[in-house]
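By convention in this document, chain letters (A, B, ...) are assigned in the order of the sequence lines, proteins followed by strands, and residues within each chain are numbered from 1. The model shown is predicted, which means the values in this text are computed figures rather than measured ones.
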There are 2 protein chains.
Amino acid sequence: MKLLTKDSDYAIRTLMHLALHPHEFISTKQISDGQGMPYQFLRRIVQKLISHNLVESKEGIRGGIKIKREPEDIKIIDVMQIFQGPVQLSACMFRNKLCENRANCVLRRELQRIESIVRNEFRDVSIQKLINGIKG
Amino acid sequence: MKLLTKDSDYAIRTLMHLALHPHEFISTKQISDGQGMPYQFLRRIVQKLISHNLVESKEGIRGGIKIKREPEDIKIIDVMQIFQGPVQLSACMFRNKLCENRANCVLRRELQRIESIVRNEFRDVSIQKLINGIKG
DNA sequence: TTAAACTGATACTAAACTGGTATCAGAAGG
DNA sequence: CCTTCTGATACCAGTTTAGTATCAGTTTAA
Ligand code: FES
Ligand code: FES
């Protein structure tokens, strides 16, 4: 079970980097080089961050990207949802259709409980908190 | 992010079923039919449970499978580890090699913290607990 | 005014994983 | 000896993951 995929990972690191220089446009190339991430892969990731309004961009030779929201307000669960979709339990059995006694299903209940714990943990970590290395 | 794959799911349900009839050998066919799981898929899953000593089997016409350990002692994290491998964070960046300042990496630290929370939760749920629907 | 350094938008790829199916062999029991 | 079971594999299609490539358009500064 992998908690974080590469794209979420790279995205978070990129946001951390941007949060440290909130007033300048930094090129994706510079970030990918500096952090050892594959450039074209990061390009695609960055475009998603832009389309989700976490980052803004400027085209042209002195262009680049810049963080658009407060680092406190960007939780890593937001980033994960963009790249990995929602935290979800195993789909209900009986292939297509949901089974009847969902309300009573104990496995389902436990999974939902754990699921919400996981969500809360990832919601508690912001980009700022990562930068601080402390509660944020 | 999916917490439970189908094989873990089916394995857990199978163990629950076996735990309810701890003294008889039940055929895989009977279980797959009864629970709406694909037979051949479940066969493969059951073989893994056997090779990991959670279940024992008897060949031949009145054969089948039987639970081998106490339902209290089988935690769902054990089952998940068999089918999904360990709960792990995103691999360290800089492709193959681990990066230098691992000790200082805040993202890594947070992920490890959350990882251990998840592990503990899944370690706290046993087959017996699922059957009871209460603390066990 | 044009070359260089950027982003926008997509298309492509190989490898791994997921969920499922199929086969053939051999054991046990009546 | 026939049926019901397991053991052991091999196969398969669809999706996901991680990464690469291409071409077009924008901006700036020499
Ligand atoms: S699996 Fe559908 S409710 Fe439990
Ligand atoms: S990514 Fe390797 S230590 Fe943070």
Side-chain angles (χ1 to χ4, degrees), chain A residues 1-11 13-14 18 24-33 35-52 55-66 68 80 82-86 88-96, chain B residues 1-11 13-14 18 24-33 35-52 55-66 68 80 82-86 88-96:
Chain A
M1 185 190 4
K2 197 190 305 174
L3 293 183
L4 206 72
T5 52
K6 275 294 172 203
D7 34 20
S8 297
D9 182 335
Y10 292 159
R13 292 178 202 286
T14 298
L18 293 178
E24 359 167 8
F25 283 97
I26 302 172
S27 77
T28 305
K29 187 82 177 65
Q30 196 179 330
I31 296 170
S32 70
D33 283 359
Q35 309 256 329
M37 305 165 182
Y39 172 64
Q40 293 296 353
F41 190 25
L42 189 60
R43 288 281 325 270
R44 216 177 44 193
I45 291 167
V46 162
Q47 295 202 339
K48 273 199 174 178
L49 292 177
I50 291 166
S51 75
H52 284 79
V55 155
E56 65 188 302
S57 64
K58 193 176 112 185
E59 286 181 73
I61 194 169
R62 282 265 174 235
I65 55 176
K66 197 174 72 166
K68 203 175 171 185
M80 293 174 69
I82 292 173
F83 298 98
Q84 298 174 233
Q88 61 184 187
L89 32 84
S90 153
C92 214
M93 71 175 177
F94 302 139
R95 285 65 161 317
N96 308 352
Chain B
M1 184 188 8
K2 196 190 307 174
L3 293 184
L4 206 71
T5 51
K6 274 293 173 203
D7 32 21
S8 297
D9 183 334
Y10 291 159
R13 293 179 201 286
T14 298
L18 293 178
E24 0 167 7
F25 282 97
I26 302 172
S27 78
T28 305
K29 187 84 178 62
Q30 196 178 328
I31 296 170
S32 70
D33 283 359
Q35 308 257 328
M37 306 165 181
Y39 172 64
Q40 293 296 353
F41 191 26
L42 189 59
R43 289 281 327 269
R44 216 177 45 192
I45 290 167
V46 163
Q47 295 203 338
K48 273 199 175 179
L49 292 177
I50 292 168
S51 75
H52 283 80
V55 154
E56 65 187 302
S57 65
K58 191 175 112 185
E59 287 181 74
I61 194 168
R62 282 265 172 233
I65 54 176
K66 197 173 73 166
K68 202 174 171 186
M80 294 173 70
I82 293 174
F83 297 99
Q84 298 174 235
Q88 62 183 188
L89 30 86
S90 153
C92 213
M93 70 176 177
F94 301 140
R95 286 66 160 319
N96 308 353

- Message: What is the separation between atom CD on A:Gln30 and atom P on C:dT7, rounded to the nearest whole Å?
- Response: 10 Å
- Nearest-nucleotide comparison on DNA chain C, the residue closer to the 5′ end among B:Gln84 and A:Glu59: A:Glu59
- In terms of the nearest nucleotide of DNA chain C, which residue is placed more toward the 5' end: B:Phe83 or B:Arg62? B:Phe83
- Task: For B:Ile61 and C:dG26, give me the distance from atom CD1 to atom C1', rounded to whole Å.
- Result: 14 Å
Atom pairs under 3.5 Å: protein N/O with N/O of nucleotides 9-16 of chain C:
unit_1: C:dA9; atom_1: N7; unit_2: A:Gln47; atom_2: OE1; d: 3.4
unit_1: C:dA9; atom_1: N7; unit_2: A:Gln47; atom_2: NE2; d: 3.3

- Message: Measure CG/A:Asp33 against P/C:dC6 and give the value in whole Å, please.
- Response: 10 Å
- Look at A:Thr5 and D:dT16 and indicate whether a side-chain polar atom (N or O) is within less than 4.0 Å of OP1 or OP2. no
- For B:Leu4 and B:Gln84, work out which heavy atoms get closest and say how close. CA-OE1, 3.6 Å
- Task: With sequence neighbours left out, write down each residue that passes side chain to side chain contact (heavy atoms under 4.5 Å, CB included) with A:Gln30, or none if nothing qualifies.
- Result: A:Ile26, A:Ser27
Please report, to 0.1 Å, the donor-acceptor pairs under 3.5 Å made by any side chain of residues 44-52 of chain A, with sequence neighbours excluded.
unit_1: A:Ser51; atom_1: OG; unit_2: A:Lys48; atom_2: O; d: 3.0
unit_1: A:His52; atom_1: ND1; unit_2: A:Lys48; atom_2: O; d: 2.9

- Query: D:dT26 C1' sits how many Å from A:Ile50 CD1, rounded?
  - Reply: 14 Å
- Any cation-pi pair here, A:Lys6 with A:Phe41, using under 6.0 Å and within 45°? no
- Between P of C:dC6 and NZ of A:Lys58, the distance in whole Å: 11 Å
- Non-hydrogen atoms of A:Met80 and B:Met1 that approach each other most closely: CE-CE, 3.7 Å
- Message: If I take atom CG in residue A:Leu42 and atom P in nucleotide C:dG8, what distance separates them, rounded to the nearest angstrom?
- Response: 12 Å
- Query: So, is A:Tyr10 near the phosphate of D:dG19, with a side-chain N or O under 4.0 Å from OP1 or OP2?
  - Reply: yes
- Under 4.0 Å between any heavy atoms, over every strand shown, what does B:Lys29 touch: base, sugar-phosphate, or nothing? Just pick one. nothing
- Task: May I have the distance from A:Ile45 (atom CD1) to D:dT16 (atom C1'), rounded to whole angstrom?
- Result: 14 Å
- Task: With the side chain counted from C-beta on, respond yes when A:Lys29 and A:Tyr39 share a heavy-atom pair under 4.5 Å apart, and no when they do not.
- Result: yes
- Using whole Å, report how far NZ of A:Lys6 lies from P of D:dA18. 7 Å
- Determine: side-chain N/O of A:Ser57 to OP1/OP2 of C:dC6, distance under 4.0 Å, yes or no. no
- Task: Among C:dG19, D:dT4, D:dC5, find the nucleotide with the atom closest to the side chain of B:Ser27.
- Result: D:dC5
- Smallest separation among heavy atoms of B:Gly64 and B:Phe25, with atom names: O-CD2, 3.4 Å
- Side-chain N,O (B:Lys2) to OP1/OP2 (C:dG19) below 4.0 Å: yes
